[in-house]
Structure formats: structure tokens, C-alpha cells
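A short write-up of the structure that comes next.
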Amino acid sequence: MASIGQIVSPTPGNDALSRARSRAALVPDCLVEAKRIANTVIAGWHGRRKRGIGENFWQFRPYTEGESLSRIDWRRSARDDHTYIRDHEWEAAHTIWLWADMSPSMMYRSTYGHASKEGRALVLMLALADILARSGERIGCPGVMEPVSSRNAAERLAAALMHTPLEGGLPQTAMIRGWSDIVLIGDFLDDADTVMGRIGPLARRGLRGHVVEVADPAEEIFPYSGRTEFTDPENGSKLVAGRAENLREDYRRAYLARRENLGQSLRRLGWTFVSHRTDRLASEALVAVHMYLSGMPAKAAIGGQP
């Protein structure tokens with residue numbers, strides 16, 4: 001049968017420099033797409049705003065007995081028969097670290113997906129950087145960019161990625177101090193115990209984490225039939241199936257069980273989990289993660305249902 005998917009990386013062998021240059025060339029296009037998606041999601045919505053100490057006006061609200069009279073806005077109160085308090089917006093920036101796994105398996109794209117897993121992960125990371133920066137948060141990327149509080153954090157992250165490309169696997173986090181959030185984006189195809197062996201220590205250090213699983217539709221639905229050759233992008237090993245369709249049910253059962261085990265393990269640590277397929281809109285995963293970061297309830301899986 002015709003090929004359903006391919007490895008999208010155009011560089012042969014183990015030429016790390018060529019791969020880095022190829023990925024750097026992908027970043028500007030991903031930034032443009034990320035800005036478009038971020039503008040769609042954030043229009044009219046500031047999900048992380050809350051009342052607190054600051055200089056920027058947030059809202060008027062009715063005065064309640066016991067509050068300081070100095071906080072009353074007499075100009076607004078004079079308009080009707082109610083007394084109003086003038087609230088300001090909390091301005092204590094929070095640090096959020098973003099990471100996208102660039103393992104060889106992330107280079108895959110089938111004919112069913114809108115983008116490679118690599119491209120979608122970069123778009124999600126840069127879009128998150130753009131949205132969170134607009135909310136006044138400090139954005140960093142382990143080993144790539146120290147946390148910055150700037151409206152153009154997404155552009156600065158993209159520029160940093162062009163000079164220091166992301167690596168495969170989970171990031172080194174020794175530089176992360178204090179109570180921060182970390183968003184990890186990847187396909188997480190290792191078994192749940194292996195993944196949790198790396199994530200568990202981060203949670204015990206007090207990091208609040210959010211995991212985004214990026215999956216190609218073909219990896220989930222297993223559309224293969226007839227004689228099919230499968231290649232492991234990590235080590236190059238091959239498997240030839242005479243009638244691939246006979247493997248479909250067992251494969252799907254194992255694949256979905258791995259996802260369920262990972263999600264349950266993360267939730268037991270107090271982390272959140274979002275499953276996202278590349279045939280879905282990137283904004284779906286973006287909204288879910290942003291709501292989790294805002295402390296609001298969100299669906300545990302967006303766009304990843306079988």
C-alpha cells in the first residue's frame with residue numbers, strides 16, 4: 001500500500017549541525033503561526049487576571065462593610081446610589097518554563113495530520129509564550145533562555161531557539177529555582193514508568209507541571225493494512241508485518257492504555273495532562289493549557305479522543 005507517513009527531517013544520518021540549521025529555519029514560520037493562533041485565543045480574554053496590589057485598573061465592585069474608606073472611588077459612586085471600590089490588578093509576575101521535546105520521533109507526519117509533531121510542538125510553545133507574556137508572566141526555556149518579562153517574549157524565545165536548538169527528551173532543570181510552572185510538550189511514547197521516573201523528581205521539588213502529549217492521528221488509529229514495514233525513528237530498527245490490520249486492535253489497546261496510565265500518574269502528582277492530535281486545531285490544546293495555568297478547570301484531553 002502507499003506510504004501513510006514519513007520522517008519530515010530533511011537531513012540524513014547524524015549530522016547534528018545540519019539538523020540544527022534545519023530546525024532553526026522552521027522556527028520563523030512556526031512563530032508566525034503561533035502569533036496567529038495566540039491572537040485568536042486571547043482576543044477579549046485575560047484568563048490569569050486577579051485582584052491584588054498593582055497600579056493598573058481592573059474593575060469597579062460594590063463596597064462592603066469593613067473595607068477601607070480610602071479605596072472608595074467617589075467619582076464612580078456619585079453616578080448612582082451605590083458605593084464602589086476601585087480594584088487594581090495583581091502584578092506579581094509568575095515564572096513559567098516552556099519546553100518542547102525534539103526527539104527523532106517528533107519529526108513524524110502522516111497524511112492524516114496537518115503538521116509534523118515537531119512543528120506543532122514549536123507552534124504551541126511559542127503561542128503559549130506570546131499569550132503568557134501578554135499577561136505579564138516571566139517566560140523561560142531551560143538551557144535556551146533565562147526567564148524574561150517582556151511583551152515580545154515569544155520573539156525573543158524564537159530568536160534564542162535559532163541559536164540554541166531544543167534537544168530530545170526532557171530538559172535539564174537544575175537552573176529552575178522556587179515555585180514555578182513548567183509546560184512540557186512532546187509525544188511521550190516511552191512507557192509511563194520511564195516518563196514518570198524523570199518527572200517525579202520535578203514534582204517533589206515543588207514545580208507545578210503541565211504535560212501536552214502531541215500525537216499524529218496515524219499513531220492512534222493505526223490505519224495500516226497489508227504488508228507494512230515500520231521503522232523506529234529513534235534507533236532505526238525495522239519491523240515487517242505481513243497483515244498489519246491484524247495488529248490494529250492490540251496496538252490501539254496498548255497505545256491508549258499507555259496514555260491513560262500516564263495521565264493518571266501525572267494527576268496523582270498534581271500535574272495536568274492534555275492530549276492533542278495534529279489533525280485538530282492547535283488552539284484547542286492552547287486553550288486547555290492556558291486554563292490549567294489560570295487555575296480554572298479544563299478537560300483532561302483535548303482533540304485526543306479515539
* Flag the pair Asp187 and Lys117 as a salt bridge only when some basic side-chain nitrogen lies within less than 4.0 angstrom of an acidic carboxylate oxygen. => yes
* Rounded to the nearest 0.5 Å, how far does CG of Asp190 lie from CD of Glu234? -> 7.5 Å
* Under the 3.5 angstrom rule, does the side chain of Ser150 hit a backbone N or O of Asn152 as a donor-acceptor pair? -> yes
* Asked: Is it true that Asp130 and Lys35 have a side-chain N and a carboxylate O under 4.0 angstrom from each other?
  -> yes
* To do: Heavy atoms only: give me the nearest Ala282-Ile37 pair and the separation to one decimal.
  => CB-CD1, 3.5 Å
* To do: Check for a donor-acceptor pair, side chain of Ser180 on one end and backbone N or O of Ile96 on the other, with a separation under 3.5 Å.
  => no
* **From Arg253 atom CZ to Arg248 atom CZ, the distance as rounded to the nearest 0.5 Å** => 13.0 Å
* Value rounded to 0.5 Å, distance of CD1 in Ile176 from CG in Leu207 -> 5.5 Å
* To do: With the side chain counted from C-beta on, respond yes when Thr194 and Met196 share a heavy-atom pair under 4.5 Å apart, and no when they do not.
  => no
* Determine the minimum heavy-atom distance between Ala153 and Ala129, stating which atoms define it. => CB-O, 4.4 Å
* **Arg259 with Glu220: basic N within carboxylate O range, under 4.0 Å** => yes
* Check the side chains of His114 and Thr278 for a donor-acceptor pair under 3.5 angstrom, ignoring hydrogens and angles. => no
* Asked: Side chains of Glu137 and Thr95: is there a donor and an acceptor less than 3.5 Å apart?
  -> no
* **Derivation and outcome, ring pair (Phe, Tyr, Trp, His ring centres under 6.0 Å), residues Tyr224 and Tyr251** => CA-CA 11 Å; Tyr224 311 101; Tyr251 169 88; 8.1 Å; no
* Taking all non-hydrogen atoms of both residues into account, name the closest pair between Leu126 and Ala158 and its distance. => CD2-N, 4.0 Å
* **Student check: side-chain heavy atoms of Ile221 and Tyr112 closer than 4.5 Å** => yes
* Side-chain touch Ile185/Val214, heavy atoms, less than 4.5 angstrom -> yes
* **Side-chain H-bond candidate by donor/acceptor type, Thr228 with Arg243, under 3.5 Å** => no
* Asked: Is the charged tip of Arg76 near the ring of Tyr84: under 6.0 Å from the six-membered ring centre and within 45° of its axis?
  -> yes
* Measure the shortest side-chain to side-chain distance between Leu293 and His210 over non-hydrogen atoms and say whether it is less than 4.5 angstrom. => yes
* Would you check if the side chain of Asp232 reaches a backbone N or O of Ser237 as a donor-acceptor pair within less than 3.5 Å? => no
* Asked: Would the Phe230 and Phe222 ring centres measure less than 6.0 Å apart?
  -> yes
* Asked: Trp97 side chain to Leu184 main-chain N or O, any donor-acceptor pair under 3.5 Å?
  -> no
* Structure fact -> Taking every heavy atom of Pro233 against every heavy atom of Ser105, the minimum-distance pair comes out as CG-CA, 3.6 Å
* **Rounded distance [0.5 Å steps], CD1 in Ile72 versus OG in Ser77** => 6.5 Å
* To do: Please determine if Glu33 and Arg36 form a salt bridge, counting it only when a charged side-chain N lies under 4.0 Å from a carboxylate O.
  => yes
* Is the backbone N or O of Gly119 less than 3.5 Å from a side-chain atom of Ser116, with the two atoms forming a donor-acceptor pair by type? -> yes
* Considering non-hydrogen atoms only, spot the tightest contact between Arg120 and Ala115 and give its length. => NH2-CB, 4.3 Å
* Asked: Thinking salt bridges, do Asp279 and Arg277 make one under a 4.0 Å N-O criterion?
  -> yes
* Structure fact -> The reported gap from CG in Leu170 to CG in Leu202 (rounded to nearest 0.5 angstrom) is 7.5 Å
* Asked: Are Glu213 and Arg258 within salt-bridge range, i.e. N to O under 4.0 Å?
  -> yes
* Does any non-hydrogen side-chain atom of Glu219 lie less than 4.5 Å from one of Leu189? -> yes
* Asked: So, do Arg134 and Arg151 sit near enough that their side-chain heavy atoms are less than 4.5 Å apart?
  -> yes
* **Shortest non-hydrogen contact from Ala159 toward His163** => O-ND1, 2.9 Å
* Compare all side-chain heavy atoms of Cys141 with those of Leu166 and state whether any distance is below 4.5 angstrom. => yes
* Asked: Looking at CG of Asp29 and CG of Leu122, how far apart are the two atoms once the value is rounded to the nearest 0.5 Å?
  -> 11.0 Å
* Looking at side-chain heavy atoms only, is the closest gap between Val211 and Ile199 below 4.5 Å? -> yes
* Would you say the side-chain atoms of Gln172 pair up with the backbone N or O of Gly143, donor to acceptor, closer than 3.5 Å? -> no
